K.L.:
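Here you go, one structure.
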Amino acid sequence: MSIKNKAAIIAVLGASGSGKSTFVKQYLASAKPKRLLVWDFMREYKMGSDVTRLSDLSERLQSGAGFSLTFRPSADESTRAAQFDVFCGLALAAKNLTLVVEELRFVTTPSRAPMRWAQVTMTGRHAGLRVIGTSQRPASIDKDFLGNATLIHTGRLVYPEDTRAVSKAMRVPESEIDALAPLDWLEKDMQSGKKAKGRITF
Amino acid sequence: MTDFNALTSEAAAVDAAADAQTAPPPEAEPVTGEAQSDQVLSPEAEARGVIDLALSLAAPFFPSLDKIYTEETKDRLAKSAAPLLVKYNISLLIAKWKEEIEFAFVAAPLVLQTVRAVQSDRAARAKASADADKAAAEPAVQKSA
């Protein structure tokens with residue numbers, strides 16, 4: 001079994017064009033979760049049903065045993081922040097699902113995480129949540145998420161502060177991350193310490 | 001643990017806010033010095049910054065743009081552009097080229113003023129030269145008459 005199939009919290013990091021979305025989509029195609037919920041700020045996921053209202057999302061989550069739902073949040077920053085908190089609450093209430101949050105930079109900062117997102121990352125495992133969070137600027141996202149990740153997968157990074165943040169979270173030398181070519185990836189199981197390297201193929 | 005019943009009214013309230021979205025964006029506190037270089041801008045703020053920059057550079061050349069790009073128009077444009085800035089990593093360019101952008105802000109109006117001043121000086125010199133030629137020609141005409 002691949003290490004990513006056991007992880008409960010997966011951080012998928014890398015600069016734009018490094019293959020984050022491709023990795024997540026390939027992972028989902030392989031894992032085939034019966035209950036999938038996606039926070040799709042970037043409008044990159046075309047799987048299952050698109051939902052733009054939380055009330056509809058709540059109904060859908062309660063109505064079926066299996067689902068594949070993609071929530072498209074507002075472009076307005078304050079509205080999106082409120083949506084994200086409730087979205088995380090609904091994921092916790094639904095239990096036993098795979099949750100994908102695309103680009104954490106727009107809903108968290110290094111020093112601030114919405115309360116229910118913190119619950120997702122800290123106690124979601126007990127509710128049967130498998131969480132996948134992505135970011136192209138890991139130095140600008142919730143530090144606790146990286147700290148709680150059971151698997152960190154990173155592609156090429158552009159900014160030194162991002163390399164430093166990921167190096168620290170993964171406990172690998174910065175040079176190992178700097179050496180990544182476009183579409184190369186490095187991942188580490190944070191529980192076993194096992195590392196793997198590869199290259200995204202399409 | 002959170003349950004659906006507790007979230008129902010909250011979800012409806014957030015949906016209503018999303019539907020309305022009438023509240024103007026909050027005014028950002030001015031940031032200076034070290035804090036400015038460390039600041040993480042939201043994509044909307046970055047998009048708005050690019051729009052403001054482009055318009056401020058173009059305004060001296062095309063004053064009519066102010067009538068087209070009202071504050072409301074610029075806000076709407078920034079909100080819709082934000083996901084694209086992220087998708088194509090343009091937001092990173094703003095941080096990367098911060099010094100160049102600030103230089104352009106200062107230099108562009110100066111360049112315009114310089115061009116206009118040079119044109120004005122040249123026109124004045126040409127007029128003075130023409131006047132002198134005309135003055136020199138007049139006595140000759142009178143003599144020949």
Side-chain angles (χ1 to χ4, degrees), chain A residues 15-18 21 40-44 52-59 61-62 72-95 102-103 105-111 115-116 119-120 123-124 126-127 136-137 139-141 158-159 161-162, chain B residues 1-28 34-35 37-49 51 72 74-98:
Chain A
S16 179
S18 63
S21 296
D40 187 17
F41 177 69
M42 312 282 273
R43 274 63 171 166
E44 289 198 351
T52 55
R53 295 174 64 80
L54 291 166
S55 304
D56 296 339
L57 182 64
S58 178
E59 279 183 25
L61 289 173
Q62 293 178 74
R72 302 283 170 90
S74 168
D76 176 75
E77 196 171 2
S78 59
T79 304
R80 186 169 66 245
Q83 285 177 324
F84 186 62
D85 195 40
V86 177
F87 174 88
C88 291
L90 291 170
L92 285 165
K95 299 185 176 73
E102 183 75 18
E103 196 42 77
R105 182 189 170 205
F106 301 135
V107 281
T108 71
T109 70
S111 57
M115 179 57 70
R116 287 170 178 138
Q119 289 177 339
V120 164
T123 66
H126 302 298
Q136 56 182 251
R137 295 302 312 272
S140 304
I141 66 169
V158 172
Y159 282 78
E161 56 265 38
D162 292 326
Chain B
M1 189 60 75
T2 315
D3 63 54
F4 281 113
N5 290 335
L7 289 161
T8 302
S9 59
E10 210 174 329
V14 175
D15 283 341
D19 290 342
Q21 278 190 5
T22 51
E27 286 284 324
E34 283 298 309
S37 63
D38 293 341
Q39 187 187 32
V40 177
L41 292 176
S42 70
E44 289 93 336
E46 286 185 299
R48 180 58 196 261
I51 294 163
E72 187 188 354
K74 287 189 277 188
D75 280 344
R76 281 195 287 117
L77 192 57
K79 281 178 185 173
S80 60
L84 293 176
L85 285 182
V86 175
K87 187 170 182 178
Y88 297 106
N89 217 23
I90 297 171
S91 58
L92 301 180
L93 295 178
I94 297 171
K96 187 175 179 181
W97 300 102
K98 179 172 167 285

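Letters A, B, ... mirror the listed sequences (proteins, then strands); counts begin at 1. Predicted model only: the values in this text are computed from it and were never measured.
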K.L.:
To the nearest 0.5 Å, tell me how far B:N5 CG sits from A:Q62 CD.
P.N.:
7.0 Å
K.L.:
Rounded to the nearest 0.5 Å, how far apart are CD of A:E59 and OG1 of B:T8?
P.N.:
9.0 Å
K.L.:
Which of the residues A:M42, A:E77, A:R80, A:R43 is involved in the greatest number of heavy-atom pairs with chain B at under 4.5 angstrom?
P.N.:
A:E77
K.L.:
Name the region of A:E161, side chain, backbone, both or neither, that has any atom closer than 4.5 Å to a heavy atom of chain B.
P.N.:
neither
K.L.:
For residues B:V14 and A:L54, report the shortest heavy-atom separation together with the two atoms involved.
P.N.:
CG1-CD1, 3.6 Å
K.L.:
Write down the atom of B:F4, the atom of A:S58, and the distance for their closest heavy-atom approach.
P.N.:
CD2-OG, 3.7 Å
K.L.:
Under the ring-ring contact (aromatic ring centres under 6.0 Å, His included) rule, collect the residues that match up with A:F84, sequence neighbours excluded.
P.N.:
A:W39, A:W117
K.L.:
Among all residues two or more places apart in sequence or in another chain, which pass the salt bridge (Lys or Arg N to Asp or Glu O under 4.0 Å) test with B:D19?
P.N.:
A:R53
K.L.:
What's the separation between atom CD in B:E10 and atom CG in A:D85, rounded to the nearest 0.5 Å?
P.N.:
6.5 Å
K.L.:
Which pair of heavy atoms, one from B:K79 and one from A:A75, lies closest together, and at what distance?
P.N.:
O-CB, 3.6 Å
